[in-house]
Protein chains: 2
Amino acid sequence: MSATIYDVAREAGVSMATVSRVVNGNPNVKPTTRKKVSEAIKRLGYRPNAVARGLASKKTTTVGVIIPDISSVFFSELARGIEDIATMYKYNIILCNSDQNKDKEIRLIQTLLGKQVDGIVFMGGKIAEEHIEEFKQSSVPIVLAATVDEQNQIPSVNIDYEQAVFEAVSHLIETGHREIGFINGPLEVPINGKYKLNGYKRALAEHDIPFDETLLSVGDYTYESGKEATEQFLNQEVKPTAIFVDSDEMAIGAIHEIQDEGKKVPNDIEVISSENTRLVQMVRPTLSSIAEPTYDIGAVAMRLLTKLMNNEKVESSTVVLPHRIDFRNSTK
Amino acid sequence: MSATIYDVAREAGVSMATVSRVVNGNPNVKPTTRKKVSEAIKRLGYRPNAVARGLASKKTTTVGVIIPDISSVFFSELARGIEDIATMYKYNIILCNSDQNKDKEIRLIQTLLGKQVDGIVFMGGKIAEEHIEEFKQSSVPIVLAATVDEQNQIPSVNIDYEQAVFEAVSHLIETGHREIGFINGPLEVPINGKYKLNGYKRALAEHDIPFDETLLSVGDYTYESGKEATEQFLNQEVKPTAIFVDSDEMAIGAIHEIQDEGKKVPNDIEVISSENTRLVQMVRPTLSSIAEPTYDIGAVAMRLLTKLMNNEKVESSTVVLPHRIDFRNSTK
DNA sequence: TTGAAAGCGCTAACAG
DNA sequence: CTGTTAGCGCTTTCAA
């Protein structure tokens, strides 16, 4: 068994309260006493038990992070942003993969709350009533990262997806395209089915181009699904001359499919993606992309959470980060 | 404040010991009592406090994971393997990024131990004396994943790196190459500076090819560093006709540099990488690669840890997983 | 099958 | 500046 605060107290000839004070950097301790205690701590190799501390203080300095899939490039960059800021504020992270499965998400929230985390960063797809209910019952703050709550009841950090897609598609239209394919993510997720799709439609509408359903496809973010969607596009009646793709990985699939069909990017077909992960430079031609500040979304979400956990006042709990479009060689 | 076990006991008209029994599925409870308690639990929305439980039982059902960088494709796949198995055995994971910084690694181990994790999965570069010391002092088991301890004192899960590289390079030699470049990772890491390098040298030696220092380069696993190393190769006296690259991301950089110089892969220069992450199919030509079973290394490491935590006996605590080489289009 | 009671290791008033 | 004393919410003997 390792030493407890009581052992240290005895070794140093003081009370455990005093030991607690020096461990916690309380200034109300005479320097000589502090020294005595510090030495006893060192001698005994004492290390405070965070679980006991958590029980007594009702703070665990641990936050829960629920993420769809840590092995995705997009989410792992987000996670890194979260973790860096957490570390900066002395928190540890309990990381859980949800696979965007609602039941699993609910269960994870409960487990995390049971573990007495001081807060939760949640990333997911659709926020349903059940989520909101859990969130509201929670005694600790929760913030959404790269995840929208359509009713805007839960603190969150995002970009303006609608506007971002609007800009990308408008750019394509303004450089002469009229048949613009859109490989979106699953439409049940509001970011896709609502905001991004609306941005696409608004761009078309503002340029008097009718919406053509055959130019809308849905993938699952994988390379293969981007490739397949593009294959479909290339074999149909109305073929796109430009494609907007909702993820870098799918966009690379799209580019390869186009090239496999003997066509050139960007000369025959232009491609713009969304995410701007490190992948954009790993393909030829390099990928033009909506620069979602992935790492920053995570970092800002965690920072927001720290404020909420400390009851600091925040100007707005719904933060919208700026985006931009990085043009590379998949567009002219 | 949420309900405690005591509230439930009162509500159900039993003692807290009985509540504890039903919560923990102890069979020694009369069915009618069990029912009464279950209802009280539901009525009060009672959720056990894992921190209190952890303090009393000295088990937190939480394990620590120290990883160099969760945003790397390689490590995030490993992490997913770890997390999946952890979930399967009802453990949660505290995830910490170390950036391979020794001091940070040591500090993280101590923090994790302070949080009373039931075990640790460690991924890193070089295992120094200090690490070993911390590990040995630890009262909970530790296993290394994709990380070697040269003295084989700590349980670990790896592949046979030496042999894998030997096979890849031998293949290159046997298909006619004599000038084979090697873009390795940092040499301080034994996996690189010792095992992989030895595999490369052994392949040369067995085919009577002298080792040429100018054909060995060191990168930092990034796309850019792979590109730069290759640029250097292409501009030097002895130019490689084939390159073995220690990571997929660097290998993609290498391929692009070769192509940018107007040469063809694999016709002018062949490339084989190591890792076999999802990236291998996202480049043209697709990448031949040593298939390190990334996800499995994580999964097996976590499985091994569960056995160690439960004091089950394990046949060998140094496990070496099989590897193979997946040939794709970057080789002839 | 159930209950009483003693901790687990620490924090946080409250006194002094 | 330091010590005393309750707990925090749960598990775990030990008895009954």
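Each chain gets a letter, A, B and so on, in the order the sequences are listed, and its residues count up from 1.
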> How do B/Arg34 and B/Ala52 order along DNA chain C: which one's closest nucleotide is nearer the 5' end?
Replying inline: B/Arg34
> Between B/Ser15 and C/dG3, does any side-chain N or O lie under 4.0 Å from OP1 or OP2?
Replying inline: yes
> Do any side-chain nitrogens or oxygens of B/Asn49 fall under 4.0 Å of OP1 or OP2 in D/dC8?
Replying inline: no
> Within this structure, what is the CD1-to-C1' distance between A/Ile41 and C/dC10, rounded to whole angstrom?
Replying inline: 13 Å
>> Between P on D/dG3 and CD1 on A/Ile5, what's the gap in Å once rounded to a whole number?
In response: 12 Å
> Does A/Ser57 or B/Ala56 map to a spot on DNA chain C nearer the 5' end, using the closest nucleotide for each?
Replying inline: B/Ala56
> With respect to the side chain of A/Val14, which nucleotide from D/dG3, C/dT1, D/dC1 is positioned closest?
Replying inline: D/dG3
> Taking CG from B/Leu55 and C1' from C/dA6, how many angstroms apart are they, rounded to a whole number?
Replying inline: 13 Å
> Which atoms form the tightest heavy-atom contact between A/Leu112 and A/Cys96, and what is the distance?
Replying inline: CD1-SG, 4.0 Å
>> Is it the case that the base of C/dG3 and the side chain of B/Arg21 share a donor-acceptor contact (distance under 3.5 Å, atom types as modelled)?
In response: yes
>> Under 4.0 Å from OP1 or OP2 of C/dG3: is there any side-chain N or O of B/Thr18 that close?
In response: yes
>> Are B/Val14 and B/Val19 packed together at the side-chain level, in the sense that at least one heavy-atom pair is separated by less than 4.5 angstrom?
In response: yes
>> Output the rounded distance in Å from OH (B/Tyr6) to C1' (C/dG3).
In response: 13 Å
> What is the distance, rounded to the nearest whole Å, between atom CE of A/Met16 and atom C1' of D/dT5?
Replying inline: 10 Å
> Looking only at side chains, do A/Thr306 and A/Asn310 share a donor and an acceptor under 3.5 Å apart?
Replying inline: no
> Do you know which two heavy atoms are closest between A/Ala128 and A/Lys102, and how far apart they sit?
Replying inline: CB-CD, 4.0 Å
>> Distance check needed: C/dC8 P versus B/Lys115 NZ, whole Å only.
In response: 23 Å
>> Of the options C/dA12, D/dG9, D/dT2, whose atoms approach the side-chain atoms of B/Thr4 most closely?
In response: D/dG9
>> We want to know whether A/Lys115 and B/Thr62 form a side-chain donor-acceptor pair, criterion being a heavy-atom distance below 3.5 angstrom.
In response: yes
> So does B/Arg53 get a side-chain nitrogen or oxygen closer than 4.0 Å to the phosphate oxygens (OP1/OP2) of D/dG9?
Replying inline: no
>> Rounding to an integer number of Å, can you tell me how far B/Asn28 CG sits from D/dT11 P?
In response: 16 Å
> Rounded to the nearest Å, what distance is computed from the CD atom of residue B/Gln116 to the P atom of nucleotide C/dG9?
Replying inline: 9 Å
> Under 4.0 Å between a side-chain N or O of A/Lys58 and OP1 or OP2 of D/dG9?
Replying inline: yes
>> With a 4.0 Å limit, can you tell me whether B/Tyr46 has a side-chain N or O closer than that to the phosphate oxygens OP1/OP2 of D/dC10?
In response: yes
